[in-house]
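Report on the structure given below.
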Amino acid sequence: MLNGKHIVLGVSGGIAAYKCAHLVRLLVKEGAQVKVVMTKAATQFVTSQTLSVLSKHEVNTDFFDAGHNWINHVHLAEWADFMIMAPLTANTLSKMASGTCDNLLLAVYLSARCPVIVAPAMDLEMYRHGSTRQNLERLMQYGNYIIPAENGELASGLTGEGRMAEPETIVQYIKEQFILKLPLHGKTILVNAGPTYEAIDPVRFIGNRSSGKMGIAIAEALVHQGASVILVLGPSTEPVSVKGINLRRVESGEEMYEACVSVYDSVDAAICTAAVADYKPVSMAPEKIKKKDETLQIELIKTRDILFELGKRKHQQCLVGFALETHNLEAYAKQKLGNKNLDFIVANHALEKGAGFGADTNKVTIIDKHNNLVNFELKTKQDVAADIVAYLIKYMKWA
Ligand code: CTP
């Protein structure tokens, strides 16, 4: 359920820090990527090596790493979808409440714009103390989330409130408070992306310059909003790094058609970004075509229009297409919207600087079947993907 989520785990120096190893394992098993930041005191209770091996990421304790490189706390904070402070000691709690910034962990905390969840752990009297109560109150006022300490045996030998919540409780809390509330939780969405290769002979094909970047960015943005994503990807060399995407690789338009149709009835939405070849060779030569005459003719036949076929079979699904145009953008996009029975279409200008195939940026216009039209600025494909996903959520009233 935490597939692809980025979590910064802040560990401060209390005996409960030993439980962090288990917490990291649980989070990683749930599909999250975890980066651990520790205070120096925390390293006396659990080693950074242990947490680094378990998290598969470098663990940072200082503003500089072993090679004297500066650790950018702002980047770390921006990377995070969630920050968990576990265990949170009385000392770090007090610093968080007062805005003290004398270590990397506190700098990351102060830079974080994501939800911050804290799991305090301290001895009975410390946990009961008026200043602790006040500091926790203040953290709540700042918008942080508190997982109260549990009752039980404490390191001092006393029994009472102060034990850090168990790692299982922390994971469950995140799921219930955040993941289950994501707008696309429980939705399954099909995305197709990339080019298709239509074989001429065993070694040659007809293809196009599509990189698949836009569709991959959309698949990732959907996962971040809680969706289960099936990504049918043509021959693209782009990495698909976010966990939680059910990736199905295909090569030809026909394979892409089969893969899309086989899951279409069970999805809530389909977003077709693929640059499917419009024509393919009538037949594939069984052996490599030898060089002979001055000219060579290859007879082509239309491929199946996947989006058109999905439009015909549409029940309750939201169907979204793309339109890549060099001219008459709006008119052609509207034609495709109607002909293919779409809910909305994302039109982009192939010749505009920074837009279209291969680029890392895109500039799109969304037109829906109720004739609403929204022009977006030139943005990174990740930001364009977030806009498209936000449009989908609003259009379907899923939030
Ligand atoms: N599409 C598809 N199958 C095809 C061709 C296109 O599913 N064989 C989909 C694309 O994934 C896109 C939309 O149809 O979502 C529009 O694709 P585009 O290439 O812009 O238009 P075409 O319909 O192919 O028409 P034309 O090439 O004449 O502009």
Side-chain angles (χ1 to χ4, degrees), residues 189-199 205-219 222 229-236 238 248-264 267 269-282 300-314 317-352 355-359 362-369 381 384-385 388-389 391-392 395:
I189 301 183
L190 165 69
V191 179
N192 71 18
T196 64
Y197 286 178
E198 311 301 333
F205 58 84
I206 296 175
N208 60 65
R209 296 183 196 280
S210 166
S211 61
K213 282 181 190 167
M214 192 65 249
I216 293 170
I218 289 175
L222 289 166
V229 177
I230 302 165
L231 174 62
V232 177
L233 185 61
S236 154
E238 290 297 314
R248 305 197 182 171
R249 289 201 176 264
V250 295
E251 195 165 284
S252 66
E254 196 55 28
E255 285 170 11
M256 188 173 277
Y257 169 80
E258 294 295 341
C260 291
V261 165
S262 70
V263 296
Y264 185 56
V267 301
I271 304 180
C272 295
T273 72
V276 187
D278 287 331
Y279 291 90
K280 64 178 180 181
V282 168
L300 302 178
I301 184 169
K302 249 191 188 161
T303 55
R304 259 201 269 228
D305 187 321
I306 301 171
L307 190 55
F308 180 78
E309 295 297 331
L310 299 185
K312 277 202 303 195
R313 291 162 174 257
K314 190 161 94 167
Q317 302 95 333
C318 179
L319 187 57
V320 181
F322 267 64
L324 184 69
E325 310 293 348
T326 53
H327 56 291
N328 292 343
L329 181 80
E330 199 179 315
Y332 283 142
K334 280 184 175 168
Q335 245 176 37
K336 288 174 189 172
L337 176 76
N339 291 346
K340 304 193 189 200
N341 191 20
L342 309 180
D343 288 275
F344 64 87
I345 191 153
V346 183
N348 57 349
H349 224 295
L351 301 182
E352 197 146 327
F357 284 1
N362 206 356
K363 186 172 185 310
V364 304
T365 298
I366 295 184
I367 307 170
D368 71 26
K369 70 173 181 196
K381 286 190 169 166
V384 173
I388 294 166
V389 171
Y391 199 93
L392 170 75
Y395 182 89

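Order of appearance sets the numbers: ligands from 1, and atoms from 1 within every ligand.
- The nearest non-hydrogen atom to atom 4 (C) of ligand 1, considering only T326, V320, V276, comes from V276.
- For T303 (side chain) and A277 (main-chain N/O), a donor-acceptor pair under 3.5 Å exists by modelled atom type.
- Heavy-atom contacts of T303 reach the following atoms of ligand 1: 8 (N) (cutoff under 4.0 Å).
- Protein heavy atoms all stay at least 4.0 Å away from atom 28 (O) of ligand 1.
- In terms of protein heavy-atom proximity, atom 26 (P) of ligand 1 is nearest to K336 NZ, 4.0 Å.
- Polar contact with ligand 1: present for K340 (N/O pair, distance under 3.5 Å).
- Every atom of ligand 1 is numbered from 1 in the order shown, and the set under 4.0 Å from a heavy atom of L324 is 20 (O).
- Interface of A274 with ligand 1, defined as ligand atoms under 4.0 Å from a residue heavy atom, comprises 10 (C), 11 (O).
- For Y257, there are no ring pair (Phe, Tyr, Trp, His ring centres under 6.0 Å) partners, not counting sequence neighbours.
- A salt bridge links K336 with E325: the closest approach of a Lys/Arg side-chain nitrogen to an acidic carboxylate oxygen falls below 4.0 angstrom.
- The option from D278, N208, T196, N348 that lies nearest to atom 5 (C) of ligand 1, judged by heavy atoms, is D278.
- Between Y264 and A270, the shortest heavy-atom contact is CE1-CB, 3.9 Å.
- Contact annotation: for L307 versus ligand 1, heavy atoms closer than 4.0 Å belong to both the backbone and the side chain.
- For atom 1 (N) of ligand 1, the nearest non-hydrogen atom of the protein is D305 OD1, 3.7 Å.
- There is no protein heavy atom less than 4.0 angstrom from atom 19 (O) of ligand 1.
- Atoms of ligand 1 lying under 4.0 Å from any heavy atom of R304, numbered from 1 in the order shown and given with element: 3 (N), 4 (C), 8 (N).
- Under the 3.5 Å distance criterion, the side-chain polar atoms of K381 are matched with a main-chain donor or acceptor of A359.
- Not a single heavy atom of E309 sits less than 4.0 Å from an atom of ligand 1.
- Using a 4.0 angstrom heavy-atom cutoff, G253 does not count as in contact with ligand 1.
- For ligand 1, the atoms sitting less than 4.0 Å from at least one non-hydrogen atom of A323 are 20 (O), numbered in the order shown with element in parentheses.
- Ligand 1 places these atoms under 4.0 Å from at least one heavy atom of G321: 15 (O).
- At least one donor-acceptor pair under 3.5 Å links the side chain of N341 to the backbone N or O of G311.
- The environment of CZ in F308 is sparse: at most 12 heavy-atom neighbours from other residues, nucleotides or ligands sit within 6.0 Å.
- Residues satisfying the side-chain contact (heavy atoms from CB on, under 4.5 Å) criterion with A199, sequence neighbours excluded, are M284.
- Salt bridge D278/K302: absent, no basic N to carboxylate O contact under 4.0 Å.
- Protein heavy atom at the shortest distance from atom 15 (O) of ligand 1 is C272 O, 2.7 Å.
- For ligand 1, the polar-atom distance check finds an N/O of I306 within less than 3.5 Å of one of the ligand's N/O atoms.
- Looking at E309 and R304, no side-chain N of the basic residue comes within less than 4.0 Å of a carboxylate O on the acidic one, giving no salt bridge.
- In terms of N/O distances under 3.5 Å, ligand 1 is approached by F322.
- Without hydrogens or angle criteria, T273 side chain to M214 main chain gives no donor-acceptor distance under 3.5 Å.
- Judged purely by atom type and a 3.5 angstrom limit, D343 uses its side chain to pair as donor or acceptor with the backbone of L319.
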